[in-house]
Undergrad: 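Encoded as structure tokens, here's the structure I'll be asking about.
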Amino acid sequence: MDEYTAVFEIDSKTDAYAIERLMDRLYDSLREESRTLVEGASNSTAVLEQFESIRDAARRPTPGKLTVIYESRDEEFDG
């Protein structure tokens with residue numbers, strides 16, 4: 001399994017605004033993609049709810065850190 005990590009230090013209002021925009025775009029993309037899945041699928045709803053809470057937290061411009069970890073597995077998608 002490969003793992004990639006990106007850490008964003010939020011040290012200014014400009015940094016906070018950039019993270020807020022990033023999280024807004026990510027949330028909007030996830031929401032749009034979840035509409036293409038089977039309606040009522042609990043896994044897409046849970047993921048969307050988790051990102052909604054992160055997006056809402058990013059709307060409060062405070063110093064902090066955002067860490068993104070991407071793990072890829074050595075397997076193929078089904079179908």
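What you see is a predicted model, and the numbers here were worked out from it, not measured in a lab.
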Undergrad: Of all residues at least two apart in sequence or in a different chain, which pass the salt bridge (Lys or Arg N to Asp or Glu O under 4.0 Å) check with Asp15?
TA: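 Partners of Asp15 by the salt bridge (Lys or Arg N to Asp or Glu O under 4.0 Å) criterion come out as none, since no residue qualifies.
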
Undergrad: Please go through Tyr4's hydrophobic cluster and name the other residues, only I, L, V, M, F, W, Y counting, with side-chain heavy atoms under 4.5 Å joining them.
TA: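 Tyr4 shares its hydrophobic cluster with Tyr70.
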
Undergrad: Using the test salt bridge (Lys or Arg N to Asp or Glu O under 4.0 Å), find all partners of Glu71 that sit at least two apart in sequence or belong to another chain.
TA: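 So Glu71 forms no salt bridge (Lys or Arg N to Asp or Glu O under 4.0 Å) with any residue.
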
Undergrad: Could you see if Met23 belongs to whatever hydrophobic cluster contains Tyr17? Use Ile, Leu, Val, Met, Phe, Trp, Tyr and a side-chain cutoff under 4.5 Å.
TA: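 Different clusters: Met23 never reaches Tyr17 through Ile, Leu, Val, Met, Phe, Trp or Tyr contacts under 4.5 Å.
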
Undergrad: Taking salt bridge (Lys or Arg N to Asp or Glu O under 4.0 Å) as the test, write out the residues that go with Asp28, two or more places apart.
TA: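 In terms of salt bridge (Lys or Arg N to Asp or Glu O under 4.0 Å), with neighbours along the sequence ignored, Asp28 is linked to Arg31.
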
Undergrad: To check you understand the geometry: which heavy-atom pair defines the closest contact between Ile10 and Leu66, and what is its length?
TA: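 Between these two residues, the closest heavy atoms are CD1-N, 4.5 Å.
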
Undergrad: For the atom pair CG (Leu30) and CD (Glu32), what is the distance rounded to the nearest 0.5 Å?
TA: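 It comes to 10.5 Å.
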
Undergrad: Determine which pairs satisfy salt bridge (charged side-chain N to carboxylate O under 4.0 Å, His left out) with at least one residue from residues 54-65, sequence neighbours left out, and list them in order.
TA: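 Qualifying pairs: Asp24-Arg59, Glu52-Arg55, Asp56-Arg59.
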
Undergrad: Only counting residues at least two apart or in another chain, list the ones meeting salt bridge (Lys or Arg N to Asp or Glu O under 4.0 Å) with Arg73.
TA: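 Partners of Arg73 by the salt bridge (Lys or Arg N to Asp or Glu O under 4.0 Å) criterion, ordered by chain and then number, come out as Glu75.
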
Undergrad: Are Tyr27 and Ile54 connected in a single hydrophobic cluster, I mean Ile/Leu/Val/Met/Phe/Trp/Tyr linked by side-chain heavy atoms less than 4.5 Å apart?
TA: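 Looking at the clustering, Tyr27 is in the same group as Ile54.
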
